[in-house]
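A short write-up of the structure that comes next.
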Amino acid sequence: MHKKFDHDAIEKKWQEKWRTSDLYKTDGESSKKKVYVLDMFPYPSGEGLHVGHPKGYIATDIYSRFKHMDGYEVLHPMGWDAFGLPAENFAIKNKVHPRVAVEKNIANFKAQLAHLGFNYDWSREINTTDPEYYKWTQWIFLKLLEKGLAYESHEPINWCPSCQTGLANEDLESDGTCERCGSVVEKRPMRQWVLKITDYADRMLEDLETLTEWPEHIKEAQRNWIGRSEGAEIDFKLGSGDTVTVFTTRPDTLFGATYLVLAPEHELVSKLKVENRSAVYAYVQQAAQKTEIDRTNAEKEKTGVELQGIKAINPATNTEIPVFISDYVLSHYGTGAIMAVPAHDERDHEFAQKFQLPETVVVNDGVLVNSGEFDGLNSEDAKKAIVAKVGGRMTSTYRLNDWVFSRQRYWGEPIPVIHCESCGVVPIPYEQLPVMLPEVEHYEPTGTGESPLAAIEDWVNVDCPKCGGKGKRETNTMPQWAGSSWYYLRFIDPKNDQALIDPAKEKKWAPVDVYVGGDHAVRHLIYARFWHKFLYDIDVVHTIEPFMRLEFLGFILAEDGRKMSKRWGNIINPDDIVKQNGADTLRVYEMFMGPFENTVAWSTNGLVGAQRFIERVNGLSEHVKDGEPAEITRLLHKTIKKVRSDIEEFKFNTAVSAMMIFVNAAEKGALSQESYEAFIKLLAPFAPHLTEELWAGCGQTTSVHLETYPEADESLAIDETVTIGVQINGKSRGSITIAPDADEAEAVTMAKAEPSLAKYFAEGEIKKVIYVQGRILNLMIGQ
RNA sequence: GCUGGAGUGGUGGAAUGGUAUACACGUGCGACUCAAAAUCGCAUGCCGCAAGGCUUGAGGGUUCAAGUCCCUCCUCCAGCACCA
């Protein structure tokens with residue numbers, strides 16, 4: 001029976017009880033098996049949540065409530081990734097301190113999450129902008145510095161002219177624009193801090209194989225991002241006495257290398273004595289002006305300038321070949337120089353056509369030709385042989401670049417070093433952490449390559465901790481991604497001010513067992529894996545990977561099929577849905593919409609369907625009788641089995657569907673009090689408020705969420721009879737109802753007795769019988 | 001271009017190689033109602049009056065049996081892409 005109820009009153013009542021009884025506080029003392037369930041923590045933006053945001057939180061709430069009821073000790077915390085540009089831009093616009101804006105937004109987010117009935121252990125709440133938190137972010141930086149994995153560089157980097165800060169490659173959209181503001185990003189040489197993530201490239205790549213519970217597309221995205229290419233470095237001597245080292249994946253084509261190309265930024269370009277200095281200089285200038293988009297557009301015609309008066313020797317042929325600079329060679333990939341093989345590379349071919357350079361075919365059908373002593377060798381063997389002959393080195397190179405780690409902005413963790421006039425870079429002593437982010441008058445970026453912190457003289461000017469002489473603090477701050485690269489560890493030991501994490505606690509809780517979120521296929525998940533491996537190397541953590549299982553979340557689009565955005569005015573606020581339809585309805589609906597990883601459009605009609613289900617459950621007690629038909633008992637146990645395994649596998653849509661089937665059947669028949677209570681427990685993780693209310697309605701005085709999750713009794717789940725399909729010559733022609741363990745003879749007898757099948761038996765004799773118990777009976781009938 | 005994933009009713013989608021289209025939405029008809037909403041019942045892949053036939057992007061193959069496995073192709077989504 002459909003039964004409406006005052007969801008608002010019920011939700012408020014139970015949320016308050018859960019809160020005051022510390023229902024979800026994780027103590028960490030028990031000997032139960034642990035499970036660490038984590039959401040990608042949100043950035044608390046001023047816009048608040050839309051209905052798409054809680055989808056992942058609903059899933060982890062269900063999962064962790066289920067695990068809790070099933071006898072696990074569950075860690076399910078929540079926190080805030082609160083450093084970053086949006087808070088800072090908001091502060092600039094509204095003249096409010098970012099801290100104030102962030103605090104307000106967090107309060108709003110927390111209230112919105114509370115309305116959905118989530119079971120977070122708020123005693124472990126963390127905030128990346130809290131000095132007690134970023135003290136340890138700075139600690140990790142100092143450890144990286146100590147191990148030689150953080151260094152200063154002056155290479156040209158991505159510069160966003162609108163955000164007025166340097167950016168990492170990971171902060172760019174695929175078209176080369178700024179991920180935050182959409183501006184076209186420039187290359188700009190400046191001093192910056194860089195983390196040597198490339199040292200971990202091989203391990204990050206190889207260890208992906210151990211992540212058997214990660215979606216394939218995420219692992220693939222990471223492989224693409226790291227982009228390892230196997231090849232060789234080969235040295236070319238120049239007439240000037242210098243050496244150019246090129247990287248190639250095709251050393252087997254060395255005999256076909258008819259010229260060299262250097263990136264315009266290549267260090268040799270300014271050192272070499274070229275005859276056409278002004279033309280070369282002009283080209284270098286021009287390349288520097290270009291945006292990344294222009295430079296990497298494969299459509300446009302190749303340009304370049306020959307370095308006149310310079311010749312290189314092809315070490316295989318010992319012939320002189322010309323040397324060019326061109327912007328189709330990228331300074332940040334490989335060695336920034338290539339050997340051009342126009343006969344076997346499209347780009348080189350295009351360039352050679354334009355500059356009328358010779359082409360030599362050296363490989364034919366995978367076999368070498370025009371390659372002297374190597375003729376007749378296959379490509380793979382030739383690679384090694386030729387590299388050995390010319391004294392090259394087999395090596396690999398990566399698309400991944402080191403992580404540009406400094407930002408010229410205010411709202412981030414200060415990088416904890418001092419620049420001393422005599423000692424150079426001096427780390428802040430560990431015991432002086434945290435380096436507090438100081439108050440400033442203006443948050444605006446300066447645009448000079450210095451952060452606003454540079455203007456605070458009494459903060460900047462300090463004595464060197466090493467020699468006591470004059471020093472200046474580093475004024476750059478860390479990027480948005482710093483705090484989120486290790487936050488999952490802080491939840492385990494959130495109040496520790498002596499160490500990043502207590503080793504015993506780390507051993508108990510790490511790694512994260514189930515990590516849920518979307519969007520961050522490369523950025524966050526690459527950075528966090530990098531830091532985790534580093535922390536493994538310095539014995540802070542005991543596993544090589546931070547997240548054992550990753551469940552990728554599909555987004556919720558607006559009802560019009562577009563992204564929910566202010567711009568389209570199609571945002572649905574979960575608060576409104578909670579008010580109108582109830583938190584349990586919203587939870588069930590978002591899980592029922594489709595597979596968890598699918599992106600699906602919001603549907604108000606679909607929401608109503610979930611609401612009807614919730615209301616039917618509310619009326620289910622009217623069908624409770626003294627006894628119940630055997631098929632209801634059977635269905636209950638089948639449903640329990642299905643729901644359990646579906647939750648485990650994050651197949652929430654089919655779990656809800658199975659429970660709907662049970663309710664439909666129970667309404668048509670009857671169910672016992674025992675089955676009714678089992679069903680309430682089964683549904684409890686999905687609809688925590690209603691089930692708590694119904695549980696109390698059964699005369700229970702303790703929370704349903706502290707009950708043991710129902711277990712299926714296999715013996716009760718077995719069918720007395722099954723209906724199986726009957727095929728004649730492979731085509732479905734009808735069905736028979738039969739004992740699940742009936743033998744072949746019985747099945748054939750049943751089929752023969754089935755009136756609707758009689759005409760097929762009249763067509764001839766049974767030539768062959770295929771019978772799979774409980775599944776199918778297939779009869780070959782013919783003359 | 002390379003790589004990964006996916007194509008099933010009007011819609012979201014279900015299906016350990018074993019009766020394709022569960023569940024939900026929508027729609028139609030009926031009940032209740034003065035009426036409407038809500039609710040309840042029945043129907044609902046396509047063609048056909050019916051018997052029956054056809055159907056999981058297209059085409060082949062393996063199998064007693066294919067949405068599911070294999071091959072070729074098409075389309076869509078995602079990541080990477082002048083990366084040597």
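Chain naming here is simple, since letters A, B, ... match the order of the sequence lines and numbering starts at 1 in each.
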Can you sort out which residues in residues 220-229 of chain A have a heavy atom within less than 4.0 Å of RNA chain B? Ascending by number, please. A:E220, A:A221, A:N224, A:W225, A:S229
To the nearest angstrom, the CD-C1' distance between A:Q773 and B:U16 comes to 16 Å
Taking only residues at least two apart or on different chains, which pairs with a member in residues 588-598 of chain A satisfy salt bridge (charged side-chain N to carboxylate O under 4.0 Å, His left out)? none
Between B:C25, B:G18, B:C23, spot the one nearest the side chain of A:Q727, thanks. B:G18
Could you check which of B:G26, B:C80, B:G4 has an atom nearest any side-chain atom of A:R399? B:C80
Could you work out which one of B:C23, B:A15, B:C64 sits closest to the side chain of A:M780? B:C64
Checking all strands, does A:S735 fall into the base, sugar-phosphate, or nothing category for heavy-atom contacts under 4.0 angstrom? base
Need one value for A:N729: base, sugar-phosphate or nothing, where a base atom within 4.0 Å counts as base even if backbone is also close, heavy atoms only. nothing
Please identify each residue that fulfils salt bridge (Lys or Arg N to Asp or Glu O under 4.0 Å) with A:D252, with sequence neighbours left out. A:R250
Report which part of the nucleic acid A:S732 touches: base, sugar-phosphate, or nothing (heavy-atom distance under 4.0 Å, all strands). sugar-phosphate
Rounded distance (Å) that lies between atom P of B:C25 and atom CD1 of A:I614: 13 Å
Would you call A:E551 and A:R549 a salt bridge, using N to O less than 4.0 angstrom? yes
Does the distance from a Lys or Arg side-chain N to an Asp or Glu carboxylate O, for A:D348 and A:K302, drop under 4.0 Å? no
Are A:E615 and A:R612 close enough for a salt bridge, meaning some N to O gap below 4.0 Å? no
Please enumerate all protein N or O atoms sitting under 3.5 Å from an N or O of nucleotides 8-12 of chain B, with distances to 0.1 Å.
from: B:G12; atom 1: O2'; to: A:M593; atom 2: O; distance (Å): 2.3

If each of A:Y398 and A:E216 is mapped to the nucleotide of RNA chain B with the nearest heavy atom, which maps nearer the 5' terminus, i.e. the 5' end? A:E216
Contact between A:L208 and A:L211 at the side-chain level, heavy atoms closer than 4.5 Å - yes or no? yes
Does a donor on one side chain sit under 3.5 Å from an acceptor on the other, for A:W481 and A:D171? yes
With sequence neighbours left out, which residue pairs that include part of residues 720-742 of chain A fulfil the salt bridge (charged side-chain N to carboxylate O under 4.0 Å, His left out) condition? A:R634-A:E720
Tell me which nucleotide among B:C25, B:A22, B:A84 gets nearest to the side chain of A:R612. B:C25
Can you name the salt bridge (Lys or Arg N to Asp or Glu O under 4.0 Å) partners of A:K354, sequence neighbours left out? A:E301
Nearest atoms (heavy-atom pairs only) where A:K219 meets A:T212: NZ-CA, 4.3 Å
Whether A:K638 and A:E631 form a salt bridge (side-chain N of Lys/Arg under 4.0 Å from carboxylate O of Asp/Glu) is what I want to check. no
Side chain of A:R775 (C-beta onward), nearest among B:A22, B:G18, B:C82: B:G18
Rounding to the closest angstrom, what is the interatomic distance between B:A58 and B:U75 at atom P? 15 Å
Separation of atom CD1 in A:I770 from atom P in B:G17, rounded to whole Å: 18 Å
Base, sugar-phosphate, or nothing: which does A:I661 touch, judged by heavy atoms less than 4.0 Å apart? sugar-phosphate
Each base of RNA chain B marked ( ) or [ ] if paired in-strand (Watson-Crick or G-U under 3.5 Å), | if paired to another strand and . if unpaired gives (((((((..(((.....[....)))((((((.......))))))(((....)))..(((((..]....))))))))))))....
Counting heavy atoms from C-beta on, name the nucleotide in B:A84, B:A22, B:C64 closest to the side chain of A:D345. B:A84
How far does the P atom of B:G7 sit from the matching atom of B:A51, given to the nearest Å? 33 Å
Nearest to the side chain of A:N778, heavy atoms from C-beta on, is which of B:C82, B:A38, B:G18? B:G18
Any N/O pairs under 3.5 Å between the protein and nucleotides 49-53 of chain B? List them or say none.
from: B:G52; atom 1: OP1; to: A:K759; atom 2: NZ; distance (Å): 2.6
from: B:G53; atom 1: OP1; to: A:R733; atom 2: NH1; distance (Å): 3.4
from: B:G53; atom 1: OP2; to: A:R733; atom 2: NH1; distance (Å): 3.4

Who pairs with A:H50 by ring pair (Phe, Tyr, Trp, His ring centres under 6.0 Å), at least two apart in sequence or on another chain? A:H53
My understanding is that only residues two or more places apart in sequence, or in another chain, count here; which of them pass salt bridge (Lys or Arg N to Asp or Glu O under 4.0 Å) with A:R775? none
Residue A:T723, side-chain heavy atoms: nucleotide from B:G26, B:U19, B:A15 that is nearest: B:U19
Taking salt bridge (charged side-chain N to carboxylate O under 4.0 Å, His left out) as the cut-off, I'd like each qualifying pair that reaches into residues 394-404 of chain A, sequence neighbours left out, listed once. none
Where A:V663 and A:F613 come nearest, the two heavy atoms and their spacing: CG2-CE1, 3.8 Å
Think A:Y328 has a side-chain N or O under 4.0 angstrom from the OP1 or OP2 of B:A84? no
Sugar-phosphate, base or nothing in reach of A:G609, heavy atoms under 4.0 Å: sugar-phosphate
Report the residues that fulfil salt bridge (Lys or Arg N to Asp or Glu O under 4.0 Å) with A:E267, sequence neighbours left out, ordered by chain and then residue number. none
Protein-nucleotide distance (A:F555, atom CZ; B:A78, atom P), rounded to Å: 12 Å
I need the CZ-P distance between A:F5 and B:A38, as an integer number of Å. 18 Å
